[in-house]
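To keep things clear, I will list the structure first and then write my remarks on it.
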Amino acid sequence: MSSPTAKPAWRALAAHQQQRNHLHLRDLFDQDESRADKFSLSVGDLLLDYSKNLVTDETLSLLMQLARETGVTELRDRMFTGEAINNTEQRAVLHSALRNLNASDFKPDVGSVLDKMERFSASVRDGSWRGSSDHRIHDVVNIGIGGSDLGPMMACEALKPYQQDDIKVHFVSNVDSSQVCETLKLLKPESTLFIIASKTFTTQETLTNAHTARDWFMRQVGDENAIARHFVAVSTNAEKVAEFGIDTDNMFEFWDWVGGRYSLCSAIGLSLAIAIGMPRFRELLAGAEMMDQHFQNAPLEQNMPVILGLLGIWYHNFFDAETHAIAPYDQYLYRFPAYLQQLDMESNGKSTRRNGETIEDYHTGPVIWGEPGTNGQHAFFQLLHQGTCLIPVDFLAAVHSQNQVGDHHRLLLANCIAQSEALMRGKTEAEARAELAAEGLDNETTERLLPHKIFSGNRPSNTILFQKLDPRTLGALIALYEHKVFVQGAIWNINSFDQWGVELGKQLAKTIDAELRGEETDARHDASTRALIKYVKQ
Ligand code: G6Q
């Protein structure tokens with residue numbers, strides 16, 4: 001019974017899905033004035049309105065039953081108590097301990113690394129940390145990739161209004177030299193600090209970029225001793241950090257129980273701490289901790305990550321919705337969909353159960369994608385409204401803008417709310433006909449246009465509102481989605497914390513790189529791969 005499809009609740013949900021085919025959200029709202037109150041929930045500053053979902057009381061109760069039958073709370077408790085639930089790597093999964101500031105005896109090193117980050121970031125911000133030629137630092141470059149890039153990069157963008165004006169933070173991740181070259185063009189070595197962020201300190205892209213940055217620095221400064229004032233590392237691997245030439249006194253440690261994509265709250269957040277200051281970084285931790293506590297303690301029925309996770313399962317497994325859109329109506333969150341893409345797809349893009357069985361009879365992680373509103377409305381929202389795929393959407397928006405100018409924010413919010421209403425209500429034939437009639441169109445034109453003007457509606461969405469996009473709220477949002485992903489992984493009975501799927505491409509790239517350098521290898525490529533290599537070499 002390790003497949004969730006064998007659970008009674010799964011079967012009951014499948015039957016329930018068939019029976020509820022005739023229901024339309026419009027009618028559900030008409031029938032029950034209290035629907036919005038009933039299906040919404042606040043945690044701290046976050047309001048989740050999930051009433052525009054294709055659910056009734058019965059659906060939710062069956063979904064909760066599924067969570068119980070698949071042992072979501074048991075796995076959750078094992079995670080929080082530090083069991084090695086990442087069973088393919090034999091590791092605990094304790095990103096929550098990074099922000100559990102009351103449990104310093106649980107992981108005492110967390111506090112001391114945060115204090116070290118505090119001292120260092122304060123000295124860079126107040127100018128007491130000097131470059132080798134006594135200049136202040138004005139540019140910080142985080143060199144890292146994947147989990148060592150996306151979190152701090154997304155958060156630096158999200159919290160731009162909180163950044164210190166005279167320090168600019170840059171991110172270099174891609175092994176494509178264009179990114180590092182374009183970044184270095186903007187910099188002066190004497191006022192630049194490089195943070196080499198790599199858990200393993202063996203990642204090809206990061207080390208290649210780090211060497212290019214060091215060569216650039218050395219070409220201009222020419223003094224090995226200057227490296228210590230301009231290069232620091234965030235890593236679990238002191239030996240490799242020293243080998244690269246960074247003084248391990250300038251290394252900020254984290255631990256194997258912090259997964260890359262879950263590491264923003266660790267020293268991987270150093271660039272963010274420099275950008276916004278450590279007190280605000282600690283507010284972000286506090287926001288995440290608030291959500292951790294909620295996830296641990298709230299009953300399933302009132303548990304925000306559990307509700308989001310179950311709604312995702314409902315569409316993905318019972319309506320064949322293959323993708324899930326994230327639409328932040330907040331320009332500062334423009335990298336949030338990309339961040340969630342890694343969090344969700346690297347965690348739950350698996351086809352093997354925890355016990356090694358192959359998954360054949362249900363889907364796991366959906367495709368996550370999105371762009372900020374209102375831009376998305378003028379691009380892909382057509383498909384959300386009238387396409388043939390069912391695509392659930394999460395709308396996110398702050399009630400108060402960071403830049404209160406003219407009518408912008410009211411218009412932004414009006415659009416956000418209108419989109420979820422339009423997806424839910426749609427436009428009936430009668431409504432479309434009345435609109436066309438009001439335009440004074442003749443009968444023939446009306447009949448011709450009518451089918452194109454009808455919106456089926458009944459398309460689900462969640463809306464998450466908060467007062468302001470501040471560090472605390474961002475921390476809560478991050479933890480909300482981390483735990484949503486956890487809930488889904490628990491139900492699908494997969495290990496959300498490994499990522500073996502990224503290894504094969506890395507291995508093959510090493511061989512192909514050797515061949516592009518002109519070395520003979522014993523690799524036996526297919527005709528397509530051979531031809532591509534030949535084309536590049538020629
Ligand atoms: C995240 C993944 C992956 C990782 C990068 C960078 O969960 O493990 O995205 O963060 O591959 O790895 P390093 O930090 O070791 O360079």
Side-chain angles (χ1 to χ4, degrees), residues 79 85-96 98 113 141-155 171-176 179-180 194-214 231-244 246 251-272 335 337-350 365 368 478-479 481-486 488-489 494-510:
M79 172 170 77
I85 63 162
N86 174 355
N87 62 331
T88 61
E89 297 179 304
Q90 279 311 310
R91 287 181 181 163
V93 176
L94 276 173
H95 42 278
S96 59
L98 298 168
V113 174
V141 186
N142 186 87
I143 299 184
I145 195 166
S148 300
D149 166 69
L150 278 161
M153 191 257 283
M154 174 280 289
F171 290 86
V172 171
S173 52
N174 201 329
V175 76
D176 182 342
Q179 193 183 23
V180 67
F194 292 96
I195 301 174
I196 315 300
S198 175
K199 182 173 168 180
T200 54
F201 229 77
T202 57
T203 304
Q204 187 191 54
E205 292 93 328
T206 300
L207 289 184
T208 306
N209 280 321
H211 280 287
T212 300
R214 195 175 63 177
F231 284 78
V232 300
V234 180
S235 189
T236 58
N237 191 341
E239 204 183 314
K240 292 278 178 199
V241 168
E243 211 175 273
F244 178 84
I246 293 177
M251 172 178 142
F252 297 81
E253 192 193 0
F254 69 119
W255 308 273
D256 72 356
W257 41 266
V258 183
R261 54 194 172 276
Y262 297 88
S263 64
L264 171 63
C265 295
S266 73
I268 286 291
L270 184 62
S271 49
L272 176 65
R335 292 303 280 159
Y339 169 75
L340 292 187
Q341 236 165 18
Q342 180 190 26
L343 177 66
D344 200 316
M345 294 166 75
E346 202 166 54
S347 296
N348 285 343
K350 312 280 164 69
I368 302 292
I478 289 167
Y481 278 96
E482 284 175 351
H483 298 319
K484 172 204 164 177
V485 166
F486 174 89
Q488 297 189 333
I494 54 180
N495 178 2
S496 301
F497 301 102
D498 60 11
Q499 56 282 316
W500 300 107
V502 301
E503 293 303 322
L504 177 59
K506 281 193 207 168
Q507 282 163 10
L508 297 182
K510 276 193 188 145

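Counting convention: from 1, in listed order, for ligands and their atoms alike. Numbers here are sequence positions counted from 1.
- Heavy atoms from other residues, nucleotides or ligands lying under 6.0 Å from CD of Q90 number more than 12.
- Here the straight-line distance linking atom CD1 of I145 with atom OG1 of T206 works out to 6.0 Å at 0.5 Å rounding.
- Remark: minimum distance from atom 5 (C) of ligand 1 to any protein heavy atom is reached at I145 O, 3.5 Å.
- Residues L343 and Y481 form a side-chain contact, since some pair of their non-hydrogen atoms from C-beta on lies under 4.5 Å apart.
- Put simply, part of Q342 is less than 4.0 Å from ligand 1, judged by heavy atoms.
- Side-chain atoms of T88 and D498 include a donor-acceptor pair closer than 3.5 Å.
- Closest to atom 2 (C) of ligand 1 among all protein heavy atoms lies E346 OE1, 3.2 Å.
- Listed by atom number, the atoms of ligand 1 under 4.0 Å from S198 heavy atoms are 13 (P), 14 (O), 15 (O), 16 (O).
- Counting protein heavy atoms under 4.0 angstrom from atom 13 (P) of ligand 1 gives one or more.
- In terms of protein heavy-atom proximity, atom 10 (O) of ligand 1 is closest to G147 N, 2.9 Å.
- Remark: ligand 1 and F201 share no N or O pair separated by less than 3.5 Å (distance only, no angle test).
- The shortest distance between side-chain heavy atoms of Q204 and K506 does not fall below 4.5 Å.
- The aromatic rings of F497 and Y262 sit tilted, their planes meeting at an angle between 30° and 60°.
- Considering backbone and side-chain N/O atoms, T203 comes within less than 3.5 Å of an N/O atom of ligand 1.
- Set against the non-hydrogen atoms of Q499, the atoms of ligand 1 under 4.0 Å away are 7 (O), 8 (O).
- For the pair R214 and F244, the distance from NZ or CZ to the six-membered ring centre is under 6.0 Å and the angle to the ring normal is within 45 degrees.
- At least one N/O-N/O distance between T200 and ligand 1 falls below 3.5 Å.
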